[in-house]
Undergrad: 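Questions regarding the structure given below will be posed in turn.
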Amino acid sequence: MPVDVQSLAKRRGFIWQSAEIYGAMAGFYDYGAMGARLKRKWEDAWLKYFMGLNDNYHLIDTTNILPYAALKASGHVDGFTDPLVECSKCGHAFRADQLIEDVTNEPAEDLTLTDIDEKVKELDLKCQRCKGTFLEARTFNMMFPVPIGTTGKDTAFLRPETAQGAYLNFKRHFEIMRRKLPLGLTIIGKAYRNEIAPRQGVYRMRELIQAELQIFMDPDTFSESLNLEEMKGKMLNVQLVDMRGEGNFKPISCDELIQKYKFPDFYVYHMMKIQEFYLDIIKLPAEKFRFFEKSEKERAFYNRVHFDIEADLHTLGGFKEIAGLHYRGDYDLTKHQEGSGEKMEVSIDGKRLIPHVLELSFGVDRNVWTLLDIHLTEERTGVLKLPAVLAPYTFAIFPLMRKDNLIPVARDIHQKLRVDYDVYYDQSGSIGKRYARMDEIGTPFCITVDYDGLEDGTVTIRDTDTSEQKRVKLADIEDIARALATGRKTFADLE
RNA sequence: GCAGAUGUGAUCUAGUUGGUUAGGAUUAAAGCCUUCCAAGCUUUCUGCCCGGGUUCGAAUCCCGGCGUCUGCACCA
């Protein structure tokens, strides 16, 4: 029986559509009891790893609503839009640039609204449905507008990316953190995009969670703060633009990417760190992970170097973007300097500069989905083989049977471990059924109190990945739990 | 957003030339049994996406909405 990720995600409490009792809205999702735990664990692992790269990287939290002026300056008010023309008769709206391109066969992407109105007249364009005439062109912005106050005159938007919060706060944090570069600002939070056609589950959402690290740095000296030696001999799974169509990726050494392909060494260093995160912490199989270079056309114009980080997901039919590494130059701070009139220039050792930004941007929902997609196997009745640090529950405690002499011992272990760890207690149904439940939600270790153990003071620990069991001393259980939960020991290390 | 397909308990599904109390499997809960991998037995809970229409009668036909899937378009 094949294991369906989607229905397991619902049935076992991971993730499903928001407001489903009212028929749901496309592009909005809720996390349930297991999903919220899994998401939190992913975020914790992500924070621990990437904040650990430098002492001067800090977690901040900024508003979901941003003023018009900030998003005007960032380019989102103008750039995050599509021009539309609406039929005066049937009210149907069309993409104006496409209507024009269809007739002229010339790119119409950069036309202003006035240009479009002229072109529509000139080419005598009519509604494709009812042949009605078009009203004046207007823009459809992908940002959700938010009216503020009683008059709603102060317009604002839900943020389309968390990154802006870091840029807006850069200057103050530079001061607070004693004027040092690199300075990293991390935000984990919601972003909102009014997608025209959200589809493919959590892959394209209207309300999404981002985990982003914005590193403000001097490109001339940034590398000095990094241990570039770590890149020695390291290979990265890379698909360069000119390698398209030649398989999924090619392992290329960090050295070659820097020397031959001329990517900045600090950029390649962070590629290496990201790969390490996915392979070592998230435990993605190497063949399901790659960096996918975006061509000049595909990437935003302000990105000087842009690779997507992709995972091979069978539920979505192949390699899909789950994160991005963007070298944005000084575009963002320069824009906010122009927009706000606040100086973004800083002075370090007599050198004045507007810091450049290296952005590490992760889609949290996509990453949580990736965990389910990659780690859910069809073994037995479906086993979610999560690393211990990511599992919603780390331990489950069972009495072998619902019997008076077994229950108090199991309860006692539960009480002890739940203080420090996420522990699931279960005594209903057969032992096999209880193991199967834990298999499905990815609890890596099940501790069972049995009759033999009552006599010699032991319990069994079962490894979910293999369903193998080992017998350990009850007196050692807290030490063993600590080692397993932190990942300092694996099941194989147990005697 | 366009076109086509589609929507039945928590999950998966049977049932639609309109006709009795919409059937099954799994899950879940309670109990019995059980000395380790969804065993068995008994009992129990939950359903025709929403709103109109046609009809003596609608899960079934029609219209609209919402959701989902596929293709196209979109993805700063």
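Residue numbers begin at 1 in each chain, while the letters A, B, ... track the order of the sequences.
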Undergrad: Counting Watson-Crick and G-U wobble pairs only, both distances under 3.5 Å, name the nucleotide matched with B:U26, or none.
TA: B:A10
Undergrad: Can you tell me the base-pairing partner of B:G51? Count Watson-Crick or G-U wobble geometry only, both distances below 3.5 Å, and say none if there is no partner.
TA: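 Base partner found: B:C63.
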Undergrad: Go through B:A10, B:G1, B:U68 for me and flag the one nearest to the A:Ala197 side chain.
TA: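 The answer is B:G1, which lies nearest to the side chain.
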Undergrad: Indicate whether the side chain of A:Thr458 and that of A:Asp456 have a donor and an acceptor atom separated by less than 3.5 Å.
TA: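 Yes.
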Undergrad: Grab the CG-C1' distance between A:Asp439 and B:U27 for me, whole Å please.
TA: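 Rounded to the whole Å, the gap is 15 Å.
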Undergrad: If you only use heavy atoms from C-beta on, which nucleotide in B:A76, B:A28, B:G1 is closest to the side chain of A:Ala300?
TA: B:A76
Undergrad: Rounded to whole Å, how long is the line connecting atom NZ of A:Lys297 with atom C1' of B:C75?
TA: 14 Å
Undergrad: Starting from C1' on B:C49, measure out to OH on A:Tyr22 and report it in whole angstrom.
TA: 14 Å
Undergrad: Tell me which nucleotide, if any, is Watson-Crick or G-U wobble paired with B:U16 when both distances must be under 3.5 Å.
TA: none
Undergrad: Tell me what A:Arg434 touches on the nucleic acid: a base, only sugar-phosphate, or nothing, going by heavy atoms under 4.0 Å.
TA: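 No contact at all - A:Arg434 keeps every heavy atom at 4.0 Å or more from the nucleic acid.
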Undergrad: Hey, what's the ring geometry for A:Tyr192 with A:Phe144, parallel, tilted or perpendicular (30° and 60° as the breaks)?
TA: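 Perpendicular.
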Undergrad: Using whole Å, report how far CD1 of A:Ile196 lies from P of B:A76.
TA: 11 Å
Undergrad: Provide the Watson-Crick or G-U wobble partner of B:U21, both distances under 3.5 Å; none if there is no partner.
TA: none
Undergrad: Within the modelled atom types, does a donor on one side and an acceptor on the other bring the side chain of A:Arg193 and the base of B:C74 under 3.5 Å apart?
TA: no
Undergrad: Only one of A:Val368, A:Val202, A:Ile188 clears side-chain contact (heavy atoms from CB on, under 4.5 Å) with A:Ile209; which?
TA: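 Of A:Val368, A:Val202, A:Ile188, side-chain contact (heavy atoms from CB on, under 4.5 Å) with A:Ile209 is met by A:Ile188 alone.
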Undergrad: Could you tell me whether A:Tyr302 contacts a base, only the sugar-phosphate backbone, or nothing, with contacts defined as non-hydrogen atoms closer than 4.0 Å?
TA: base
Undergrad: Considering only the C1' atoms, how many Å lie between B:U21 and B:G31, rounded to the nearest integer?
TA: 28 Å
Undergrad: If the C1' atom of B:G40 is compared with that of B:C33, how far apart are they to the nearest Å?
TA: 8 Å
Undergrad: Any idea which of B:C75, B:A30, B:A38 is nearest the A:Ala436 side chain?
TA: B:A38
Undergrad: I'd like the P distance from B:C49 over to B:A22, given in whole Å.
TA: 15 Å
Undergrad: Side-chain N or O of A:Arg437 less than 4.0 angstrom from OP1 or OP2 on B:A28?
TA: yes
Undergrad: Considering every strand and a 4.0 Å limit on heavy-atom distances, what is the contact class for A:Glu321: base, sugar-phosphate, or nothing?
TA: nothing
Undergrad: Which is true for A:Arg299 with a 4.0 Å heavy-atom rule: it touches a base, it touches only sugar-phosphate, or it touches nothing?
TA: nothing
Undergrad: Could you list all N or O pairs between the protein and nucleotides 6-8 of chain B that sit under 3.5 Å apart?
TA:
none

Undergrad: State the pairing partner of B:C72; accept Watson-Crick or G-U wobble contacts with both distances under 3.5 Å, and report none otherwise.
TA: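 Base partner found: B:G1.
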Undergrad: Between A:Gly75 and A:Ser7, which has a closest nucleotide on RNA chain B that is more 5'?
TA: A:Ser7
Undergrad: Send over the distance from A:Met143 CE to B:C75 C1', rounded to a whole Å.
TA: 15 Å
Undergrad: Are the charged groups of A:Arg462 and A:Asp439 less than 4.0 angstrom apart, N to O?
TA: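 Counted as a salt bridge, because a side-chain N and a carboxylate O are separated by less than 4.0 Å.
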Undergrad: Among all residues two or more places apart in sequence or in another chain, which pass the salt bridge (charged side-chain N to carboxylate O under 4.0 Å, His left out) test with A:Arg12?
TA: A:Glu440
Undergrad: Taking atom P in both B:C12 and B:G52, compute the distance separating them and give it to the nearest angstrom.
TA: 28 Å
Undergrad: Please list, chain by chain and in numerical order, all residues satisfying ring pair (Phe, Tyr, Trp, His ring centres under 6.0 Å) with A:Phe14, sequence neighbours excluded.
TA: none
Undergrad: Say we look at B:A39 and B:G4: how far apart would their C1' atoms be, to the nearest angstrom?
TA: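 Nearest-Å result for B:A39 against B:G4 at atom C1': 46 Å.
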Undergrad: For a quick check of understanding: with a heavy-atom distance under 4.0 Å over all strands, which category does A:Gly201 fall into, base, sugar-phosphate or nothing?
TA: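 The residue A:Gly201 makes sugar-phosphate contact but no base contact.
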Undergrad: Send over the distance from A:Lys10 NZ to B:G47 C1', rounded to a whole Å.
TA: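 Interatomic distance, NZ of A:Lys10 to C1' of B:G47: 14 Å.
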Undergrad: Check whether any side-chain N or O of A:Lys433 sits under 4.0 Å from OP1 or OP2 of B:A28, and answer yes or no.
TA: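 Yes, because at least one side-chain N or O of A:Lys433 sits under 4.0 Å from OP1 or OP2 of B:A28.
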Undergrad: Mind checking side-chain contact (heavy atoms from CB on, under 4.5 Å) for A:Asp30 and listing every partner two or more places apart, or none if nothing turns up?
TA: A:Trp16, A:Ser18
Undergrad: Just the table, please: protein N/O against nucleotides 32-36 of chain B N/O, every pair under 3.5 Å.
TA:
from: B:C36; atom 1: O2; to: A:Tyr435; atom 2: OH; distance (Å): 2.7
from: B:C36; atom 1: O2; to: A:Gln469; atom 2: NE2; distance (Å): 3.0
from: B:C36; atom 1: N3; to: A:Tyr435; atom 2: OH; distance (Å): 3.3
from: B:C36; atom 1: N3; to: A:Gln469; atom 2: NE2; distance (Å): 2.9
from: B:C36; atom 1: N4; to: A:Asp450; atom 2: OD2; distance (Å): 3.2
from: B:C36; atom 1: N4; to: A:Thr460; atom 2: OG1; distance (Å): 2.9

Undergrad: With distance as the sole criterion, do the side chain of A:Arg199 and the base of B:G67 form a donor-acceptor contact below 3.5 Å?
TA: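 Not at all, since no donor on one side and acceptor on the other fall under 3.5 Å apart.
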Undergrad: Assign A:Gln17 to base, sugar-phosphate, or nothing according to its heavy-atom contacts below 4.0 angstrom with the strands shown.
TA: sugar-phosphate
Undergrad: Do A:Tyr267 and A:Tyr327 have ring centroids that are under 6.0 Å from one another?
TA: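 That pair fails the under 6.0 Å test.
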Undergrad: Between A:His326 (NE2) and B:A76 (P), how many Å, whole number?
TA: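 So the NE2-P distance, A:His326 to B:A76, works out to 10 Å.
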Undergrad: With both distances under 3.5 Å as the test, what is the Watson-Crick or G-U wobble partner of B:G57?
TA: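 Pair assignment: B:G57 / none.
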Undergrad: What does A:Ala24 touch in the nucleic acid at a heavy-atom separation under 4.0 angstrom: a base, only the sugar-phosphate, or nothing?
TA: sugar-phosphate
Undergrad: B:A28, B:G67, B:A76: which one has an atom nearest the side-chain heavy atoms of A:His76?
TA: B:A76
Undergrad: Can you list everything that forms a salt bridge (charged side-chain N to carboxylate O under 4.0 Å, His left out) with A:Arg304? Sequence neighbours excluded, please.
TA: A:Asp330
Undergrad: For A:Gly165 versus A:Thr62, what's the shortest heavy-atom pair and its separation?
TA: CA-OG1, 3.5 Å
Undergrad: Taking atom P in both B:A38 and B:U43, compute the distance separating them and give it to the nearest angstrom.
TA: 24 Å
Undergrad: Taking atom CZ as the centre, does A:Arg40 end up with more than 12 heavy-atom neighbours from other residues, nucleotides or ligands that are less than 6.0 angstrom away?
TA: no
Undergrad: Taking atom P in both B:C2 and B:G65, what distance in whole Å separates the two?
TA: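 B:C2 and B:G65 have their P atoms separated by 9 Å.
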Undergrad: When we call it a touch if two heavy atoms are under 4.0 Å apart, what does A:Ser467 touch: a base, just sugar-phosphate, or nothing?
TA: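 Base contact.
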Undergrad: Step through the shown structure and confirm whether more than 12 heavy atoms of other residues, nucleotides or ligands are within 6.0 Å of OH on A:Tyr31.
TA: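 Atom OH in A:Tyr31 is crowded, with more than 12 foreign heavy atoms closer than 6.0 Å.
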Undergrad: Answer yes or no: is there an ion pair linking A:Arg159 with A:Glu212, defined by an N-O contact shorter than 4.0 Å?
TA: no
Undergrad: Can you say whether a donor on the side chain of A:Glu440 sits under 3.5 Å from an acceptor on the base of B:A38, or the other way round?
TA: yes
Undergrad: Would you measure the distance from the C1' atom in B:G51 across to the matching atom in B:G7 and give it in whole Å?
TA: 16 Å
Undergrad: Starting at CG of A:Asp332 and ending at P of B:A76, how long is that distance when rounded to a whole Å?
TA: 15 Å
Undergrad: I'd like to know if A:Lys433 pairs up with A:Asp426 as an ion pair, taking the criterion as any Lys NZ or Arg NE/NH1/NH2 lying under 4.0 Å from an Asp or Glu carboxylate oxygen.
TA: no
Undergrad: Which base sits across from B:C37 as a Watson-Crick or G-U pair, both distances under 3.5 Å?
TA: none
